[in-house]
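Data block below; observations after.
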There are 2 protein chains.
Amino acid sequence: MALLGTSKYAQGIGLSGVNPDLASERQTASFSVEGLTTVLDGGAEHTRVRRAVVEVIERDPVFSRENQYFQTQNERYEAAVRKAVHLQKKMHEMGWREDGPEFIYIYRAVAGDVAFLLHRVFMRSISVLGSDEQVAKWIPLATKHQLIGSYAQTELGHGTYLQGLETTAVFDTTTQEFILNTPKISAMKWWPGDMGRSATHTVVFAQLYVHGKCYGVHPFIVQIRSLWDHSLCPGITAGDIGPKMNFEHIDNGYLMLQNVRIPRENMLNKFCEVQPDGTYVRRGSQKINYFTMTTVRVSLLSDEVILPLMKACTIAIRYSAVRRQSKLNPGEKEAKILDYQTQQEKLLPQLAAAYAFHFVNNYLHKLFDRGYKEIQERNFNSLPELHASSSGFKAMLSQYCTAGVEICLRACGGHGYSLLSGLPSLYTKILASCIYEGENTILLLQTARFLIKCFAAASAGQPIPQSVTYLAAVKPGKCPAKNKLDFLNPDIYVEAYQHTAIRLSSSTAAKLQDLIQSGVKKHEAWNQCTVQLVQAAKAHCHYITVKNFVETVEKLENNAGIQKIMKHLCDLFALHGIFSNAGLFLHDGYISGAQMDMITASYLDLLGVIRKDAVPLVDAFDFTDKSLNSALGSYDGNVYQRLYEWAQKSPTNQQISPAYEKYLRPLLHNKLSKL
Amino acid sequence: MALLGTSKYAQGIGLSGVNPDLASERQTASFSVEGLTTVLDGGAEHTRVRRAVVEVIERDPVFSRENQYFQTQNERYEAAVRKAVHLQKKMHEMGWREDGPEFIYIYRAVAGDVAFLLHRVFMRSISVLGSDEQVAKWIPLATKHQLIGSYAQTELGHGTYLQGLETTAVFDTTTQEFILNTPKISAMKWWPGDMGRSATHTVVFAQLYVHGKCYGVHPFIVQIRSLWDHSLCPGITAGDIGPKMNFEHIDNGYLMLQNVRIPRENMLNKFCEVQPDGTYVRRGSQKINYFTMTTVRVSLLSDEVILPLMKACTIAIRYSAVRRQSKLNPGEKEAKILDYQTQQEKLLPQLAAAYAFHFVNNYLHKLFDRGYKEIQERNFNSLPELHASSSGFKAMLSQYCTAGVEICLRACGGHGYSLLSGLPSLYTKILASCIYEGENTILLLQTARFLIKCFAAASAGQPIPQSVTYLAAVKPGKCPAKNKLDFLNPDIYVEAYQHTAIRLSSSTAAKLQDLIQSGVKKHEAWNQCTVQLVQAAKAHCHYITVKNFVETVEKLENNAGIQKIMKHLCDLFALHGIFSNAGLFLHDGYISGAQMDMITASYLDLLGVIRKDAVPLVDAFDFTDKSLNSALGSYDGNVYQRLYEWAQKSPTNQQISPAYEKYLRPLLHNKLSKL
């Protein structure tokens, strides 16, 4: 019956073809979609390699995500392990190497749905923190998966503040061993991925004690499960931390240590070592290590933060071109919801942000590549700037993109709320990026601390890093724009962002100074300024993002069509930011109320302009249907048919519910005789 | 081993007692917590009845939500049906009646986790839309659960825009039947609760056709499953729509109709009837019906929107008083995260909003009670105002509270992300309230339409409804505040909100007028103003909420302690709103930049003041641990112990994973020999 219905309806809407409402959107693209895809990938060769990788992965049924929305946590975990193991085989088979051009696309292609990601962090921490001997011993084992590693830093009671970790490692000179303990429940390791059920080894961060003296937090390699039968090692209690908002496929775990002894050689000792007699030796600079932790924040932006927003935009915009609701003009057909100004105002700024962040991510990678070269040459001067940048941009982008994905979800109404839309999982997953690798508020305060220092240095005429030289700029009095078109001039809006960023840094620096001078203790004064410091850090990152978008657009000059639409998106991103944070720009009168009206007018005009290219602009992200895994977002736009077909696969339709026999029948039958 | 560990740690942190960090927060309350609870309940007798209901429900193991976070969609559904059936028994046993004082607390006590909620909508729609004969026939059957009803309005292709529904009901004079059909896939009923697997009957909304003429959408009672064996009736295709972001316990369903015949008497015909010869008769006023739909929006605010925010605040604030992280001052113990200004700035405005919305909900109920009385007397004058109020406040409160719950979740860092915190389910559930019973943007535009009409009427000197008389007020030029303390004067900030609300309505009305006069078609002009119309509607609701909070505080004069802390919360709510929407207040210079600095200073000061009473203020919401169902939010504050204990119950820890035998062992063993 259902099947009959299905095939009938399939013909009705022409499942074989593209929904005409979506097809028509593509006929009027003002630019070459393929050309833009190439720009995003950084060249045609990259596009080719990426597509080849995606095709290989998607053709392999082991990597299918078809049942993802119907699986339990246990099933998701099992599938992720299966995929991780299969991926090793696949890479070998395809000749893909970790340093090859394909590697960066593999994770994107499997959509993150694999186990053993922490195994990679385990390896990286040994590479960075371990001595040559340690690297030589452990890395080959890990590479060949002769062990499965994890990374146990976070505790039940401690996250971002590493110095507060409570796990202890006491050196025993008589046996040349470290004795590891979890002294209280808050010291239990909690959250490490791959640790709940998979890992055999982990890097444990613990307070080092030698002869009763504490030397602070150090990393130790600890075996937690037998390589033979996977049973827990003596003194180890470990398990899974249970259900989470997402990451069901990952076995985030807990770990308690009770008098667990490990050999002296298991402390990662590139930078510091405990010698046999207990002498503690620190050597070299740990700065390179901080740099590595800093790069993690930047390296996750593309796959974990920007791509999810791009996917959400693709789903929501395609759906909005297909969904019709109510009438714009009486007598006409129902309108595509994308034609409503309010819908444009929800989605198009997110689309512009996705592009803005893609480009600022490129900027950050360049910054870090340059920094890495300097650091290799033992020049650590750029470290503070890199740390501040990675902290601020990780926080700003994850916050913005999380909000953006949520907007996309809500903009799809009831269907967006179905897991089958793909949007709920994108949201619940990206949300975590606001918390992991440094909680966002704390990260923004790191950036703010850097800004305040640089502002002070600039005021004193001292040199400051390149990305903040603007803090020394003379503040212009008023925005010179005279009409709404002036606000499409990048010089005008870049200047406005710069002005606001300077004002927020300088006024907060002044408040801090005033408090301290009035007798408030330094740390307390800092705390009293933190709400405003966070604003200043955000304004800085926002400014850099706008400026970088403008510079990127300028460099697109050999492709007029693409440059034009990117210019529109850049304008939209900038004006949306002013419109949404109007108070920051109006505060000191740099922008007047009349100018804000001009900005609003230009901003709303731009929505109508970009709306025409909205579908081509998401097509250019070049996501396959399989990677979107969305009943609403597929390339052909046959959303209703797909929702219906996918719902059939739900376990809720594949089982006669025991609820009928147990509860409904007795309820109804009890009284059926009286009907 | 784990158990040994558990008992040892339990002693260590004293599970039997309250965490001292939480206990100390309660010793310094500036007001009577019990007194405030009574105020919230509307009197001591209400508090007594509520607690009695909660106790009865929570004592009964059938209503336990202990395993909720570990259950599959199928298990959740089965549990919800079991609870719904058991609840009938329980109510009978306890003598609780639908018109009794206990009734309103039952849903709160079971935390919404029961089936058959749509059965109640089914009954209400028959009561409101059915003739006396229809009521007499169907309501007793439904009351005794001799059938299970649902309510099938929304279709795959149509939600809020009811006129667009595509299901057809054609009258056949020869058989005196309506023939119902789903003409295309987008016409399939989609989302109705209780319909996927439970319902035997449903009210179907369909386009009525008689003799080839369409009379628009009408409601029809349709049987969809056999009362005897629950099999689908002829011509019916129905099932479950699959996984959603929440509401796993509800069997939201789909329904296709193929030549389903129902007797003429099954069209609900209080307001219109098809006579045997096909004559269509409309009678009476449908206005009372619109009123009923309008009241639904208000009736859901308390349980579905405000309570979840109160719960989220309770969890996040208690946790923030227990969680310690980093140091505020060097040399001191790690600080409670609630002592950080940024944490206060996240949580305390949400707490203030929860109170503000509780009070505005009381206001709305009074407005509707008064309106109901008038309407009973056939005076429909207040309908537009009631419709505008219910639409605007439903949208504003659901949007605000959803954002608030998300802030609470994120403010708890990694542990907030665990389902065991209770916060993810609160969030994923409240999010739906932004979409159901009218999508928020569309609702705000309804409110805006009312405001624009009233503004025009006021400008023309015509009388306008009481809640919007302010639109006729003379606009003062500038805010008279001279220092930061002036902004703790409610007259000052209420005036500022009023001024801004008027400005947004009037400027948008002007823009609309200008567009139309410049030749833009009326509907197109409306569309071009919608972003600003939404702003105007929000500003109106925000203003009313602040004004009502002020008036509520004034009436608390016989309890000084409670009045004082409520005044602080009212100030915080108002100043937070200005601080967060600074642009709206600065735009025309009503508030100057210097005044905004005063507002910011007062706002930040208030955070420190309210922080002292934060825990007592959430204690006053009087949630039991069972109703919070949160490892982070329990009254005793033993969060780490509870996280650990609850994780043990997860299915991920109760099953030897097949992944080891299938994938991990082969992987590890393959190479073990070489280790």
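These numbers were taken from a predicted model, which means no experiment stands behind them. Proteins get letters first, then strands, A, B, ... in listed order; numbering begins at 1 in each.
- Your options are A/Glu406, A/Glu439, A/Arg410, A/Met596, and the one with the most heavy-atom pairs under 4.5 Å with chain B is A/Arg410.
- Neither the backbone nor the side chain of A/Asp588 has a heavy atom closer than 4.5 Å to any heavy atom of chain B.
- Here A/Pro330 is the residue among A/Pro330, A/Gly159, A/Ala84, A/Ala115 with the most heavy-atom pairs under 4.5 Å with chain B.
- Contact of A/Thr72 with chain B is made through the side chain alone, with heavy-atom distances under 4.5 Å.
- In this structure, no portion of A/Phe585 lies under 4.5 Å from any heavy atom of chain B.
- Heavy-atom distances place the side chain of A/Leu409, and not its backbone, under 4.5 Å from chain B.
- Looking at A/Lys346, the atoms closer than 4.5 Å to chain B (heavy atoms on both sides) all sit in the side chain, from C-beta outward.
- Closest approach of B/Leu156 to A/Arg323, counting heavy atoms only: O-NH1, 2.8 Å.
- Chain B forms the most heavy-atom pairs under 4.5 Å with one residue out of A/Tyr340, A/Trp191, A/Tyr417, and that residue is A/Tyr417.
- Using modelled atom types, one finds no donor on one side chain facing an acceptor on the other under 3.5 Å when comparing B/Tyr640 with A/Glu155.
- Put simply, OG1 on A/Thr342 and CD on B/Gln532 are 12.5 Å apart, with the number rounded to the nearest 0.5 Å.
- Most heavy-atom pairs under 4.5 Å with chain B: of the set A/Lys327, A/Arg324, A/Lys521, A/Gln88, this distinction falls to A/Lys327.
- Note that OG1 of A/Thr530 and CD of B/Gln343 are 10.5 Å apart. Values are rounded to the nearest 0.5 Å.
- Contacts between A/Lys522 and chain B at a heavy-atom distance below 4.5 Å are absent for every atom of the residue.
- Closest approach of A/Tyr161 to B/Gln325, counting heavy atoms only: N-NE2, 3.3 Å.
- Between B/Gln528 and A/Leu604, the shortest heavy-atom distance links the atoms O-CD1, 4.4 Å.
- Neither the backbone nor the side chain of A/Tyr436 comes within contact range of chain B; no heavy atoms are under 4.5 Å apart.
- In this pair, B/Tyr644 and A/Tyr254 present their aromatic rings perpendicular. The plane angle is above 60°, beyond the 30 to 60° band.
- Of all the listed residues (B/Ala79, B/Pro658, B/Gly239), the one sharing the greatest number of non-hydrogen pairs under 4.5 Å with chain A is B/Pro658.
- Only the side chain of A/Ile435 comes within contact range of chain B, judged by heavy atoms closer than 4.5 Å.
- When heavy atoms are compared at a cutoff of 4.5 Å, A/Trp190 approaches chain B solely by way of its side chain, counted from C-beta outward.
- Note that the CE atom of B/Met245 and the CE atom of A/Met245 stand 5.5 Å from one another [nearest 0.5 Å].
- Using a 4.5 Å cut-off between heavy atoms, A/Asn581 makes no contact with chain B at all.
- The candidate with the highest count of non-hydrogen atom pairs below 4.5 Å against chain A, out of B/Tyr77, B/Trp526, B/Trp646, is B/Tyr77.
- Contact record, B/Ser650 with A/Gly242: OG-CA, 3.6 Å, taken as the closest heavy-atom pair.
- Considering only heavy-atom pairs separated by less than 4.5 Å from chain A, the leading option among B/Glu345, B/Gln163, B/His86 is B/Glu345.
- Taking CD from A/Gln146 and CG from B/Leu667, the interatomic distance works out to 9.5 Å, rounded to the nearest 0.5 Å.
- Heavy-atom distances place the side chain of A/Ile442, and not its backbone, under 4.5 Å from chain B.
- Side-chain contact check for B/His523 versus A/Leu328: every heavy-atom pair is 4.5 Å or farther apart.
- For A/Gln399, the parts lying under 4.5 angstrom from a heavy atom of chain B are both the backbone and the side chain.
- Contact between B/His587 and A/Asp597 at its shortest, heavy atoms only, is NE2-OD1, 2.9 Å.
- Taken to the nearest 0.5 Å, the CD1 atom of A/Ile241 stands 10.0 Å off from the CG atom of B/Leu419.
- Of the atoms belonging to A/Thr200, it is side-chain heavy atoms, and not backbone ones, that fall under 4.5 Å from chain B.
- Contact annotation for A/Tyr69: both backbone and side-chain heavy atoms come within less than 4.5 Å of a heavy atom of chain B.
- How far CZ of B/Arg197 is from OG1 of A/Thr652: 5.5 Å, rounded to the nearest 0.5 Å.
- Between chain B and the options A/Gly416, A/Ser186, A/Ala582, A/Pro424, heavy-atom pairs under 4.5 Å are most frequent for A/Pro424.
- The minimum heavy-atom distance between B/Gly164 and A/Glu334, with the atom names listed, is CA-OE2, 3.9 Å.
- When each of A/Thr154, A/Asp229, A/Leu533 is scored by its heavy-atom pairs under 4.5 Å with chain B, the top score falls to A/Asp229.
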